[in-house]
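The next block holds one structure in the form of structure tokens; read it before the comments.
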Amino acid sequence: MVDILQQIINGISLGSIYALIALGYTMVYGILRLINFAHGDIFMVGAFIGYFALGSWNLPFALGLVIAMIGASVVGMIIERFAYRPLRTAPRISLLITAIGVSFLLENLMVLIVGASPRSFPQSIPVDIYNIGGLILTNRQIIILLISILLMILLQFIVMRTKIGKAMRAVSQDKEMALMLGINIDSVIAFTFALGSALAAAGGVLVGLYFNKIEPYMGVMPGLKAFVAAVLGGIGIIPGAMLGGFILGIAEILVSAFISSTVRDAVAFIILIIILLVRPSGLLGKYMREKV
Amino acid sequence: MAVLEVKNLSCAFGGLMAVSDLSFEVEKNEILGIIGPNGAGKTTVFNLITGFYLPIKGSIIFNGKNLVGMKPYQITKLGIARTFQNPRLFKKLTVLENVMIAMHKVYEASLFDALFSNRKYIQQESIQRDKAEEYLYFFGLYKRKDEIAENLPYGEQRKLEIARAMATNPSLLLLDEPAAGMNLNESLELVNLIATIREKFNLTILIIEHHMEVVMNICERIIVLDFGMKIAEGKPEEVKNNPRVIEAYLGKEVKGVIH
Amino acid sequence: MRRNLLTLTILILILFLSVLSKNLDPYIYQILVFFGINSILAVSLNLINGFTGQFSIGHAGFMAAGGYFSAALSVYQGEKLLNILSFLPKDLAQGAIFLVFLILGGLFSAILGLIIGIPTLRLKGDYLAIATLGFGEIIRVAILNLDVVGGPRGFPGIPKLTDITWVTFWAFIAVVVIYRIINSSHGRAIISIREDETASESMGINTTYYKVLAFSIGAFFAGIAGGLFAHYLMMLHPSSFTFMRSVEILLMIVLGGLGSITGSIFGAFILTVLPEALRGFAHLRLIIYSLTLIIMMLVRPSGLIGNREISFYRIFKFLRRKGIN
């Protein structure tokens, strides 16, 4: 029993990182109907910005985190402006291929800059281990969870309470109507990318802190899995992405602890397929009938 | 003899009754009109008959067979064809290919015949092509056969949709607002075309239409839907003067619509 | 007929190459082999994505399934069968066995395609794309956990049976089969699903049947390509069949033009040769590669060829028009 609880705690840490990445996926999909394959690489870029901020400039952790988030937002907005915006009226597949191209580009640029071999992340927060009735909990796990939850609350506030958040929701529901209401769609989309990229970057820095290892291809698998998390919760739905992220993280850790760690990478995709077949609109999504 | 019998048909979307407890019959060779204000559930009735939607209750009997639960393609094979409110042509394909696709169900060459390009394949291809050309000739589209469907003028696209539906060799044809977007002349031409195909192909026709000159001209009988329910049924003149129908069409305005 | 002339010419050209292959530079030879294998992959994925309009990005999974299956047959049953067929000349026996194993690998993939296709092809667009991606990954993880084929260590000891003649032969078969399907009523039914699935169904076409059919035929040829790949490299590793591999095949058909067989072959050629041509640029190679992709999509989103076919007739007409003006 303690064993299971322990694994669930580990799962929550992993899940909160998936949730952070999934939020960006879900917001971009909600607005552009684009599976932004480059999103996982933004997560990687964020981790590396954090790496330099903490390691080379010796900044405090919180500041490093903020710099990584700002840096990744800028990268996200540049990508949107130059790669995606010109294709807004093009067929969806062109957009998807472009996203894949951007993903390759980010990975290879990073290989050019830092090389392909993994680097160990600056340990700016020393590990404290707490033992609570046999349960092992580290201060890093607590920090990851707290930062994730804080960011999610902040995001929920921005989307639900601010003017730009309302504009985001309007654009995701009906672009033409939003345009008629005088909403500047370009800047709303740019803002969405900035927001999503910042969250992914936070995820990247937290992963660096937690797993202590970063490399240019680190975004591929978490990116795909975070997308699964977004679909699981109901794509385009912000609380859904959080829920999906946590479920996925816990499921993955439980499977690798109690079944086999090599099956771990398949868990996400098995969940994906089950949800697509049983409830394609996701756990929190509403069923939409196709109009004939 | 009733070709189609709809009994106690109900269909709901998320708690909203789109069609409720609807019953009607269509006689052989008859042209039956379905009218009603926007959102009355007319197209839903078509989608139920052709198997795109599943009713929550009721039955649809076509030539003695219950269609409920059948797939759309099976229903087409039984001899029901339809057109769509907004033409759904195979836009990037040629006019001829559009019609040939509709004749797929009588194509006899198997995949293996096609792989070996054998005599059966060659013969079946030419039969399909010739037959499709005959249909196009009948509908006055033969000259256009090699054009890409989406490049046709709107009126001809609508005509092609009817030609394509007829190429499935139906005994019952469902037309969903065939005159939408047409001017008076074009609609009158359409009325003639519908009358002609009924004679030539021995058809039964069910038609949803807003253009009253079309409805009054060709329908032998009309049913009126409002909020998914049948509020009137009868000959055009009877329906025209039915107070419930007039009310459904918002009082005065109706006099402009039904003249 | 004119288009058949083109395929025939290509066939003769490559057969000619294969005769010459004894004297060919081994590096060029290898590129040609990979070009042939990539052509099979691209043409078969194009049947699914380009003609049926069903967006699949799991082709590497089917390639892996067929490749591993036929490789396992070769490794575990090859010797035994060769002994049974010892009354035949060795080359002939070996060739016959290889042919059968390749086909069995392809069929294994096709059956897998059927099993995966029936539930998944109900999904549309992006959802189908990620479901196929998911299945591709599941196949790879399954192989990682299969000890008989080496799991994560890779699967060595596969006999080298693939040569350029085999590859050419199968590329030709793939092109002819898909070309002939497309040019029959079955093919028109398939294309009508891409154009408008609802209308297609109301024309009496069993869209589920044709979607699954196209998916399985595509999977079959991906399996064949996997078998050829395995028996050329003599070693398989799950890392050759990641999501990236599926994306690469997808890029070939998008680059060449969805819905064009010649376009797929052209795309396969470019994506086989381009990385080699960029070898001189060392680290910049992959960056140029990804930039090419992005710029390509920005400049010509419908692919280099679009959905037309290259044929001598067209080239002829084009040249004549130029000549007259």
Side-chain angles (χ1 to χ4, degrees), chain A residues 29 33-35 37 79 82-84 86-87 89-109 111-113 115-116 217 220-221 224-225 227-228 230-231 235 260 262-278 280-281 290-292, chain C residues 49 55 57-58 116 119-120 122-142 144-145 151-152 197-199 201-202 242-244 247-248 250-251 253-255 258 282-303:
Chain A
Y29 192 92
R33 299 282 177 273
L34 161 72
I35 303 178
F37 271 108
I79 291 169
F82 293 102
Y84 300 156
L87 283 172
T89 52
R92 295 259 296 282
I93 178 158
S94 314
L95 203 59
L96 197 71
I97 300 282
T98 308
I100 292 169
V102 171
S103 160
F104 282 1
L105 184 66
L106 290 177
E107 287 161 17
N108 293 313
L109 274 177
V111 170
L112 193 72
I113 298 168
Y217 297 106
V220 180
M221 262 297 151
L224 287 180
K225 288 177 185 169
F227 184 73
V228 173
V231 175
I235 194 121
S260 151
T262 43
V263 192
R264 182 175 155 166
D265 278 347
V267 173
F269 297 107
I270 291 169
I271 292 180
L272 170 77
I273 284 162
I274 294 171
I275 193 85
L276 284 179
L277 296 180
V278 177
S281 52
E290 195 198 357
K291 196 160 165 58
V292 175
Chain C
N49 288 25
F55 201 87
I57 36 177
I116 293 172
T120 359
R122 285 187 296 153
L123 303 166
K124 293 190 169 62
D126 296 347
Y127 286 93
L128 176 64
I130 46 173
T132 52
L133 186 162
F135 271 117
E137 286 295 305
I138 290 171
I139 291 174
R140 192 176 62 84
V141 174
L144 272 173
N145 285 283
E197 195 171 336
T198 302
E201 214 166 341
S202 77
T242 57
F243 161 61
M244 280 301 133
V247 167
E248 210 186 341
L250 178 69
L251 292 180
I253 63 172
V254 174
L255 211 60
L258 284 171
H283 288 306
L284 282 176
R285 180 171 77 106
L286 290 167
I287 291 172
I288 298 174
Y289 180 83
S290 25
L291 276 176
T292 314
L293 261 184
I294 299 171
I295 293 167
M296 172 82 209
M297 281 302 112
L298 292 175
V299 179
R300 217 182 139 76
S302 59

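Any value given below was found using the heavy atoms of this structure, including those in side chains, with hydrogens, waters and symmetry copies removed.
Options C/Leu133, C/Leu128, C/Asn49 differ in how many heavy-atom pairs under 4.5 Å they form with chain A, and the most are formed by C/Leu133. When each of A/Ile235, A/Val228, A/Leu224 is checked for heavy-atom pairs under 4.5 Å with chain C, A/Leu224 comes out on top. Note on A/Leu95, A/Ile100, A/Val220, A/Val263: by heavy-atom pairs under 4.5 Å with chain C, the leading option is A/Val263.
Proximity to chain C involves both the backbone and the side chain of A/Leu109, based on heavy atoms less than 4.5 angstrom apart. Looking at C/Leu123, only its side chain comes within 4.5 Å of chain A, counting heavy atoms on both sides. Heavy atoms closer than 4.5 Å to chain C are found in the side chain of A/Leu112, but not in its backbone. When heavy atoms are compared at a cutoff of 4.5 Å, A/Ile273 approaches chain C solely by way of its side chain, counted from C-beta outward. Only the backbone of A/Arg33 comes within contact range of chain C, judged by heavy atoms closer than 4.5 Å. Only the side chain of A/Val231 comes within contact range of chain C, with heavy atoms under 4.5 Å apart. Looking at A/Phe82, the atoms closer than 4.5 Å to chain C (heavy atoms on both sides) all sit in the backbone: N, CA, C or O. Neither the backbone nor the side chain of A/Leu34 comes within contact range of chain C, judged by heavy atoms closer than 4.5 Å.
Taking 4.5 Å as the limit, every side-chain heavy atom of A/Lys225 sits out of range of all side-chain heavy atoms of C/Glu137.
Between the CG atom of C/Leu293 and the OG1 atom of A/Thr98 there is a distance of 8.5 Å, given to the nearest 0.5 Å. The structure places CE of C/Met296 at 9.5 Å from OG of A/Ser94, a figure rounded to the nearest 0.5 Å. Between atom CG of residue C/Leu291 and atom CG of residue A/Leu105 there is a gap of 5.0 Å, rounded to the nearest 0.5 Å. Going from atom CZ of A/Arg264 over to atom CG of C/Leu144 covers 14.0 Å, rounded to the nearest 0.5 Å.
Nearest approach of A/Leu276 to C/Ala131, heavy atoms of both residues: CD1-CB, 3.5 Å. Annotation for C/Ile294 and A/Ala83: closest pair CG2-CB, 4.5 Å, computed over non-hydrogen atoms. The nearest pair of heavy atoms linking C/Met297 to A/Ile97 is CG-CG2, 3.7 Å. Contact record, A/Asn108 with C/Ser290: ND2-OG, 4.0 Å, taken as the closest heavy-atom pair. Minimum interatomic distance between A/Asp265 and C/Val141 (heavy atoms only, all atoms of both residues): CB-CG2, 4.1 Å.
By the side-chain hydrogen bond (donor to acceptor under 3.5 Å, both in side chains) test, A/Tyr84 is found to be paired with A/Asn36, residues two or more places apart in sequence or in another chain being considered.
Under the 6.0 Å cut-off for aromatic ring centres, C/Phe243 and A/Phe269 do not qualify, their centroids lying 6.0 Å or more apart.
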Exercise for review: Could you give me the CA-CA distance, side-chain angles and deciding distance for C/Val247 and A/Phe104, then say whether side chain to side chain contact (heavy atoms under 4.5 Å, CB included) is met?
Suggested key: CA-CA 11 Å; C/Val247 167; A/Phe104 282 1; 4.2 Å; yes
